[in-house]
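Remarks on the structure that follows.
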Amino acid sequence: MPEYVALDLETTGLDPARDRVIEVGAVAFTPDRTLATLERLVDPQRPLPDAVARLTGITQADLKGAATAESAVRELIHFIGGRQPVGHGARLDMEFLTASGLWDAKSDILDTLDVARILMPAAASHSLPLLATELGFSQPRPHRALDDADATRQLLLRLREDAAALDEGLKESVLALVAPYGWALARFFAEALTAPNPETPATPVAGRRSTAPRPGATPPPDDPHEIAAMLAPEGALAGTLPGYEHREPQLQMVLAVAQIQARSGTLLVEAGTGTGKSIAYLVPSLARAVRQKERVVVSTHTHTLQEQLMNKDLPGLSQLPWDFKACLLKGRSNYISLRRWRRYLAEPCENAEELRFRLKVLVWLHTTESGDRSELRLQGREEVLWTHIASDPLDCVGVRCTAEDCYVHRARAEAEASDLVVVNHALLLADAEVGGGLLPDYDHLVVDEAHHLEESATQGLRQEVDGPGLEALLDRLASRPAGTASAAGLLEELRAQPRLGSASNELESAIALATGARSRVHDLFAIATDFVLERLSDGERREESLRLTPQLREDEDWDGVAIAGESAATALAALETVLRAAVTQARDWLGGDEADQGVRELEIIRGRLLGALLLIGEAIGDPHPNRVYWFAQVQKDDTVVLRSAPLNVGALLRDRVYAERRSIVFTSATLTVGGTFDYFRSRIGLGENVEELVLPSPFDFYHQA
Ligand code: SF4
């Protein structure tokens, strides 16, 4: 039976270099019983901050003549003996113990915060006090070291029960995942999952809204006035909408939106705070979408507004007299790719942090219906690890995965089946840029937080290539490590695989091309950096970016940049062509659904090289009239990146977003400048043929009335 020691320290502050320990608490236990406790006050040899005294209830007088930090830590180490130390959010405790010089910094502590994040992903907070309250632990003196250590003990035992109560299939997967590793986290799961099942109910998972049709549902009205009347004091929604208030500007907006959706066109609405504008466009949009089977997309800038729409406004409209289906659709990198996940899972973990991430995902996958990363609440480096398993267009076999097997497919299918789809501006713009396909077909668009649309479009459509990043990609393909005669890198690794057969010739020629391209890219960015830095530091104020204007291209030194750029683009294009052929041949040779991992990596690199060469070729030699190009200095080490963005996003929006819609509503609390919509219209590509409405906030309205 495993033996643990839950420990906790109270300190004068949060900085181990400056602050001191004032109390040590520890509880030795097995899953069956508490074996012993340790509680020592420590004299910090300095005044106790008032805030700490208030929080802990420990006074300066209590600490006078107490143990020294050294003796308390020695006692703690002796108390732990050969048992497994456990802490909650133990990183800080470890830093204080390590600062004492007595603690082995490599000690592997089991952190209940990690385990709670894995096994209780839906908890509102994973802090010890909140978990202790929520789970009903006995903790008579919170923020005292012994009581916090004992709360940690209770939490570990509860987590152990939760682990033992996991579904048998999931247990098998977790056991297989942790089996090769000796880290404390792995040992905890290996032991807990083989302990007898205490039949503790698993943490409940939030259910989905039922999609079954309601008895007595009626079709939505067609007449805009009837739709607006639903929000009047005697209307159908007055008694059912949570927090309903009669707001005249809201009624005006409902009417205007319903009318524009009925007769087609573009409407700009500036609606002051408190208008209730989301309800004002949702009600007519849902009526239109359901009655006419014309899908509506609502686009927002912020996550906060998306949350409000999905968790408050749309559920609040569940009492509408007609049934509707609405969903949130995100960009694909928000969804896990199960195919990439399985591949990642088959590779060894490099450290305990990676194991923790995999455990978290594994348990989450057992309950998630959406596969959306926001449910995982990723922390720190987990964001980087997520990129290994996120859906990635460059590593997606698309149709070969079934809808049951792919959350991206599922999310799209749900959007296809929805009357109203909520997206963010970035996804709306990405769909426009690739000519559709990311969003389901839609007839009406409502752009909320519309004052951010231009900025989102400019950001989202920005492209960038940096020299060191591009060189690193080329090095990954083929490099010649110092002191060696032979090439190394992905191409050489692939060439060494006899099973790649006829791709071998392409792989061999790609090695020379990659080496050549790397040197051209290096030359380009070296020349460009000199050119740019000389001009950036020319004026009195040091700028951080240099726009590639027609005048600049007349500069006598520009020829050097242009020649190097053309040479780099040509070398990259030759390489990309050969890589494309190599990938095709290798895939044909291997057959089957799942290509070799190295071939997949080659395909990803090829896609990135293509993006880089197009940008270099365009920026240096063939600028597009509707794009702006510039070199920017982004690091202190004087390297520059090449960037490009649309000069006027209006043209793209007009051609690819507005042209195909029956109606578009732009709304925000601030759209006018100097009392007119002219500036907004000019920035987002709208002509004069639009309808405009400015609604004061209800407060102002009543005073004006
Ligand atoms: S279709 Fe693409 S995103 Fe979906 S599981 Fe397959 S590879 Fe991953």
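First listed ligand is number 1; within each ligand, the first listed atom is number 1. Just so you know, these numbers use all the heavy atoms, side chains as well, and skip hydrogens, waters and symmetry mates. Along the sequence shown, residues carry numbers from 1.
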Can you list the ligand 1 atoms lying under 4.0 Å from a non-hydrogen atom of [X]?
X	answer
Cys406	1 (S), 3 (S), 4 (Fe), 5 (S)
Ser391	3 (S)
Ser337	3 (S), 5 (S), 7 (S), 8 (Fe)

- Query: Does the side chain of Ser644 pick up a donor-acceptor pair with the side chain of Glu618 at under 3.5 Å?
  - Reply: no
- Hey, are Asp313 and Ser278 close enough side-chain-wise for a donor-acceptor pair under 3.5 Å? yes
- Query: Taking non-hydrogen atoms only, is Arg340 closer than 4.0 angstrom to ligand 1 via side chain, backbone, both or neither?
  - Reply: neither
- Item | Near-ring test Tyr658/Phe666, centroid separation under 6.0 angstrom | yes
- Message: I'd like to know if Arg580 and Glu576 make a salt bridge, using a cut-off of under 4.0 Å between side-chain N and carboxylate O.
- Response: yes
